[in-house]
Each structure stands twice: as structure tokens, then as C-alpha cells.
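Structure first, commentary second.
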There are 2 protein chains.
Amino acid sequence: MDYSDSCIVRHFDYYCALSPKDKKILAALEENPIKISRGTSLWQEGENADEFYTLSQGWAYSYRYLENGARQILEVYLPGDILGLQEFAFTDRLEGVAMIEDGIICPFPHQRMLELFSESLTLTAVMFAIASRQQALLSERLVSVSRRSARERLAHFLHEIFLRQRQTDPKGGAKMRLPLTQEQLGDLLGMTSVHVSRTFSVLNEAKLAYRNRYHVTIPDLKALAKEGGFDERYLNSDLTCFLRKNPPTPPLAKAFDT
Amino acid sequence: MDYSDSCIVRHFDYYCALSPKDKKILAALEENPIKISRGTSLWQEGENADEFYTLSQGWAYSYRYLENGARQILEVYLPGDILGLQEFAFTDRLEGVAMIEDGIICPFPHQRMLELFSESLTLTAVMFAIASRQQALLSERLVSVSRRSARERLAHFLHEIFLRQRQTDPKGGAKMRLPLTQEQLGDLLGMTSVHVSRTFSVLNEAKLAYRNRYHVTIPDLKALAKEGGFDERYLNSDLTCFLRKNPPTPPLAKAFDT
DNA sequence: CGCGACTTTGAGTCTCATCAAGTTCGGTGG
DNA sequence: CCACCGAACTTGATGAGACTCAAAGTCGCG
């Protein structure tokens with residue numbers, strides 16, 4: 001049993017070699033899958049926080065509403081991510097979380113995280129690494145929103161999401177799925193949906209990205225990176241300094257091993 | 001030996017009751033204090049990351065520079081904080097860190113963190129909680145920079161830093177120290193130093209905050225909170241759901257105990 | 001076929017950036 | 001003790017990028 005059908009096991013395994021025992025512990029987090037449909041919120045700001053969720057299928061996002069009704073989307077989550085980690089140290093939710101599309105989530109209680117800490121040093125370190133990576137994503141978003149123009153911001157985000165999708169699901173091609181509305185993109189990147197539309201037009205004219213419905217084609221990734229001032233280092237987390245990592249095993253190499 | 005002179009022990013003890021053993025482990029992180037003067041950078045973006053530092057004295061900040069020369073300050077650190085946590089999962093520094101004023105820092109190697117994980121479940125949870133709180137600070141900053149006006153942003157930050165100082169050093173008074181230049185404030189809040197100056201004038205006229213050199217007087221905290229849309233929940237991390245917390249022990253009560 | 005969600009386009013406005021000149025104040029050396 | 005220097009701050013004029021409001025266009029889906 002290799003649990004490679006489990007999204008979260010694949011995700012964690014990316015950080016370092018997991019023992020069968022570790023994989024079993026992880027897979028156990030996904031014991032209670034729940035179907036959930038697009039637009040549904042898992043929880044809202046202010047509710048009691050006592051569970052985490054693994055995200056098995058579908059995209060989700062976390063958000064905050066302000067007094068004036070404005071919304072800020074804080075993070076976009078892809079399958080394999082853990083939802084609710086940000087509230088580890090809080091009794092109440094600081095942020096709401098909602099589904100971008102239909103998906104499957106698996107709840108597990110906060111307490112379970114402590115059990116995990118006591119059962120496996122490796123998983124503890126990986127969990128910490130995942131939190132650290134999430135913070136890196138957030139920092140980069142802050143830099144974008146604070147210091148980059150609308151064009152740069154959008155270009156930068158498209159690049160980020162392109163790489164993140166490739167990391168968990170490495171199929172090639174210049175075309176990617178992007179199931180966010182322009183309103184959601186605006187709330188994520190700190191601009192209005194109207195300006196998102198205009199900015200896509202500009203990127204389109206500059207031949208940097210073509211959006212069509214919920215798909216984006218990126219003809220020249222290098223050019224897009226330049227436009228957005230993109231430096232991928234913040235996506236390449238790595239625990240090799242602490243723990244032994246999986247040797248890179250392309251599908252073919254694996255065949256030779258056995 | 002209660003280690004209460006150690007800033008980091010006080011800081012961690014805030015989260016939950018630490019055993020003497022835990023305190024000893026923590027205090028050991030501060031074995032190698034180093035004096036460091038204002039303006040000095042501990043490290044720069046891109047350098048190899050193999051150490052954390054505890055900040056014993058003085059304020060510090062982390063920052064990123066962009067291609068165009070702009071700087072974004074990501075976080076301000078106060079005594080008791082841990083520097084470099086954000087790079088737990090990375091081999092290289094993603095951000096630079098520099099001292100705002102003269103201070104004392106204590107380096108310890110990354111590997112030490114893993115030892116800590118295996119030595120104490122409580123400290124593991126607290127370390128995770130601290131990372132979680134840092135992310136909460138960052139999220140709130142993102143919301144500010146993205147969705148609040150310059151006035152609101154500055155008011156919000158003044159309130160935040162006021163409370164953070166009170167949490168580790170609970171002396172009363174409407175006056176607080178704020179050893180940041182307006183240029184640094186601008187780089188933190190995503191505006192120009194010129195606009196910081198104008199915004200202080202506005203807050204001044206509105207009788208919300210008076211800045212004088214490196215001190216700020218806040219005559220009416222409630223009014224400032226309203227101006228900045230401030231909700232302090234994101235500062236009140238809490239591990240009681242997992243771990244037993246210190247019962248509140250005002251100095252007098254302590255005397256009765258013994 | 002037509003409804004609703006999403007997107008595009010246009011015109012006018014506002015917040016904040018930029019550039020530039022001047023002011024304050026603490027520290028330093030004569 | 002005073003003059004001066006530089007860092008930090010203030011103030012003014014002008015302009016750009018993004019917002020707001022409004023209306024029209026596109027497309028999937030019932």
C-alpha cells in the first residue's frame with residue numbers, strides 16, 4: 001500500500017522521504033471525505049476553530065471581509081493543501097474559507113495535530129515546513145500588492161499559480177486552468193474586477209497571457225516572469241538540510257529500481 | 001532558577017505553562033548573546049540560511065528589495081521574537097533582516113529546532129503557535145495594505161504596535177516608543193515617506209495620534225481603533241485548547257502562593 | 001430563447017506618487 | 001558655547017494609476 005492516490009501523501013512526500021508509518025498516519029487524516037460544492041463556505045470569520053481540513057479535490061480560498069464591505073482574499077488553496085493551519089494558535093477563525101469549485105475535503109480535529117507531533121518527528125518537521133511555505137506565499141503576495149503595478153501583480157500571480165499547479169500535477173503545456181472569476185482575482189490582488197479586466201487586455205496585447213473563460217495560455221513563461229518580477233525561489237521549499245529527501249525518481253528510473 | 005530574565009522564556013510562557021525542563025531548553029537557545037548595532041543587517045536575501053536568532057534586545061525588521069529598488073518591510077520584530085523562522089523550510093534566505101536600533105541577538109542552528117521538536121511536545125506546539133501568530137500578523141498587514149486607506153493603515157499599525165508592546169512589557173500609559181523612521185513606516189505600510197508625514201498630520205489634526213521624534217501619544221485608543229478598523233483578535237493567540245495554560249498570576253497573587 | 005453571471009468598455013474622479021525646495025533638530029568639532 | 005552638518009521631516013505643485021459609476025456585450029445553461 002503506497003497511498004499514492006492520497007493527495008496529501010503525495011504533497012508531503014515532496015518534502016522528504018516518508019516512511020510507511022508516516023504515510024499511514026497521514027492517510028488517516030483523510031478518513032472522512034466530504035463532498036462540497038462550489039461557493040460553499042467551510043467556515044466564516046469568528047466561528048469556533050477546532051478542525052483542520054485536507055483539501056482532496058477542488059480549489060478553495062481564504063478571505064476576510066472589512067467593515068466597508070470590501071473583501072480580501074488571502075490565499076488560494078490547491079488539492080493537497082491543508083485548510084485552517086493559520087488558526088493553529090487561535091480558538092476562533094480569523095479568516096473564512098470557501099470553495100472555488102466543487103471538491104472533496106476531509107476534516108480532522110485540532111487535537112490530532114498534537115498526536116501527529118508526538119508520533120513522528122518527520123511529519124512534525126514537514127508540517128512546520130508547510131506552514132513556513134504558506135507564509136512565504138503570503139509574504140510574496142504582500143510584496144506584490146504593496147509594491148507592484150497591476151500588470152506586474154497579475155503577471156506575477158499567473159506565474160505563481162502556473163508553477164504551483166505543475167508542482168503537484170506535473171503535466172506540461174502552456175495552458176493552465178484558472179477557475180477564478182475576475183472579481184476573485186481582484187480581491188486577491190488588491191484591485192477591482194474592472195481593473196483586472198483591463199489588465200488582462202494589456203497582457204493580451206503584450207502577448208504575455210491569453211485568458212479564455214477559466215483557462216489561461218502562457219506562450220512565453222520567461223517573458224511573463226520578467227514582466228512580473230518573478231523569482232521562483234519562494235516556491236522551492238526544501239527540508240534536505242534536516243531530513244533525507246526522496247531521491248528524484250522519474251517514472252522510468254523507478255522501473256529500473258525494481 | 002526561573003529564567004524570567006530571559007525574554008524568550010517570558011514570551012513562550014505567555015502561551016502556556018512551561019515545565020522547568022522546557023524553560024531550560026528554551027533558555028539554552030540564548031547561550032550566545034551578541035551585541036549588534038542599529039542598521040546592521042543580520043543577513044541578506046539569498047544568503048545561506050542555517051541559523052535562527054532570538055531577539056533579546058532592540059527592534060528589528062525583515063525586508064525585501066525589488067528590481068526597481070523599492071523596499072518592502074515585511075515584519076517588525078520586538079524583543080522575545082524569533083528571527084528567521086520564515087526560512088525554516090528553505091535553504092536560502094528569502095528576506096533580509098536588519099536592526100532598527102542597537103540590540104542583542106542569540107544565534108542557534110537550524111538543527112537545534114529539530115532537537116527541540118523531539119525533546120518537548122509543549123515547545124513544539126508553542127513554536128508552531130508562534131509561527132501561526134506571525135502569519136496572522138502578516139495576513140492583517142496584507143489586508144491593510146490592500147484594502148485600507150493611508151489613514152486607516154497608519155492608525156491600524158499604531159494600534160497594533162501599541163498592543164504588542166503592552167503584551168510583552170505591560171506598563172500603562174498612552175505614550176509609546178516607536179523607533180521607526182517615516183521612511184521605514186512607509187516601506188512597511190506600502191506608501192511613500194512623504195505620504196506618511198502627511199498622514200501623521202491628518203491623525204494629529206483629528207486628535208488620534210501625536211508623533212514626536214520616536215514617541216507616539218495615543219489619547220484615545222478606542223477612537224484610533226475605530227479609525228483603523230482594528231480588531232485585536234488576531235493578536236490573541238491561545239493554546240488552551242491543546243495545553244494547560246498558566247493561570248493568570250498578577251504579582252500580588254504570586255506572593256500568596258509561597 | 002432568454003435569464004443571470006461574468007466581462008468589457010467609456011468617462012470622470014480621487015488617492016497617492018513624484019519631484020523639489022525648505023525646515024527642524026540632534027550631534028560634532030572648533 | 002556656537003556654527004555647521006546631515007538625517008529626518010514638512011510642505012507645495014503636478015501627474016499617473018487605479019477607482020467609481022454606468023451601460024453594453026458575451027456566453028453557458030435551463
Side-chain angles (χ1 to χ4, degrees), chain A residues 37-40 61 66 68-73 98-102 144-157 177-206 209-216 227-228, chain B residues 37-39 66 68-73 98-102 144-157 177-206 209-216 227-228:
Chain A
S37 59
R38 179 191 138 113
T40 311
Y61 65 93
L66 282 83
N68 60 22
R71 176 177 69 164
Q72 177 65 37
I73 293 185
M99 295 300 293
I100 292 173
E101 39 176 9
D102 293 351
S144 255
V145 167
S146 179
R147 294 297 184 199
R148 294 196 240 258
S149 71
R151 279 176 63 161
E152 295 169 328
R153 250 178 274 179
L154 184 55
H156 189 278
F157 174 71
R177 227 161 63 78
L178 182 69
L180 295 164
T181 65
Q182 295 190 353
E183 171 130 30
Q184 290 167 334
L185 283 169
D187 287 347
L188 175 70
L189 299 177
M191 51 212 252
T192 58
S193 60
V194 173
H195 205 58
V196 171
S197 173
R198 292 193 219 273
T199 307
F200 264 120
S201 305
V202 172
L203 292 185
N204 193 346
E205 271 176 40
Y210 304 103
R211 179 173 192 263
N212 192 293
R213 293 270 133 200
Y214 292 129
H215 287 273
V216 175
E227 175 66 28
Chain B
S37 59
R38 178 192 140 116
L66 282 83
N68 59 23
R71 176 178 70 165
Q72 177 63 38
I73 292 185
M99 294 302 293
I100 292 173
E101 40 177 8
D102 293 351
S144 256
V145 167
S146 179
R147 293 297 183 201
R148 294 197 240 258
S149 70
R151 282 176 61 158
E152 295 169 327
R153 250 177 275 178
L154 184 54
H156 189 280
F157 175 71
R177 227 161 62 80
L178 182 68
L180 294 164
T181 65
Q182 295 190 353
E183 171 131 28
Q184 290 167 334
L185 284 169
D187 287 346
L188 176 68
L189 299 176
M191 51 212 251
T192 58
S193 59
V194 172
H195 205 57
V196 171
S197 173
R198 292 191 221 274
T199 307
F200 264 119
S201 304
V202 173
L203 292 184
N204 192 350
E205 273 176 38
Y210 305 104
R211 180 172 194 264
N212 192 294
R213 292 271 134 200
Y214 292 129
H215 289 273
V216 174
E227 174 68 28

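What's counted below: heavy atoms across the whole structure, side chains too, no hydrogens, waters or symmetry copies.
Heavy atoms of B:Gly186 sit nowhere under 4.0 angstrom from any nucleic acid atom. Across all strands shown, B:Ser193 has no heavy atoms under 4.0 Å from either base or sugar-phosphate atoms. Among the protein residues, B:Gly190 comes within range of the sugar-phosphate backbone only, with heavy atoms under 4.0 Å from sugar or phosphate atoms but none that close to a base. Counting non-hydrogen atoms under 4.0 angstrom, B:Arg38 reaches the backbone sugars and phosphates but no base.
Each of A:Arg147 and A:Val194 was assigned the nucleotide of DNA chain C with the nearest heavy atom; the assignment lying further toward the 5' end belongs to A:Val194.
An OP1 or OP2 oxygen of C:dA17 is reached within less than 4.0 angstrom by no side-chain nitrogen or oxygen of B:Arg198. Applying the 4.0 Å criterion to OP1 and OP2 of D:dT26, one finds that A:Arg213 has every side-chain N and O outside that range. For the pair A:Gln182 and C:dT8, the criterion of a side-chain N or O lying under 4.0 Å from OP1 or OP2 is met. Phosphate proximity of D:dC19 to A:Thr192: present, with a side-chain N or O under 4.0 Å from OP1 or OP2.
For A:Ser197, taking side-chain heavy atoms from C-beta onward, the closest of the listed nucleotides D:dC9, C:dT9, C:dA17 is C:dT9. Of the candidate nucleotides C:dT9, C:dC6, D:dC19, C:dC6 has the atom lying nearest to any side-chain atom of A:Tyr214.
Nearest heavy atom pair, residue A:Met99 against residue A:Ser37, reads CB-O, 3.9 Å. Taking each heavy atom of B:Met191 and B:Ala150 in turn, the nearest pair found is CE-CB, 3.8 Å.
Using modelled atom types, no side-chain atom of A:Arg148 and backbone atom of A:His156 make a donor-acceptor pair closer than 3.5 Å.
The neighbour count for B:Arg38 CZ, taken as heavy atoms of other residues, nucleotides or ligands under 6.0 Å away, does not exceed 12.
The shortest side-chain heavy-atom distance between B:Leu180 and B:Phe157 falls under the 4.5 Å cut-off.
Straight-line distance from the CE atom of B:Met191 to the P atom of D:dC9: 13 Å, rounded to whole Å. Put simply, CD on A:Glu183 is 13 Å from P on C:dT8, counting in whole angstrom units. Per the geometry, NE2 belonging to A:His195 stands 12 Å off P belonging to D:dT20, to the nearest Å. The nearest whole Å value for the distance from the CD1 atom in B:Ile100 to the P atom in D:dA8 is 13 Å. In this structure, the CZ atom of B:Arg151 is 15 Å from the C1' atom of C:dC14, given to the nearest Å. Here the P atom of nucleotide C:dC25 and the CG atom of B:Asn212 are 9 Å apart, to the nearest Å. Rounded to whole Å, atom P of C:dT9 lies 10 Å from atom CG of A:Asn204. What separates CG of B:Leu203 from P of D:dC9 is a distance of 15 Å, to the nearest Å.
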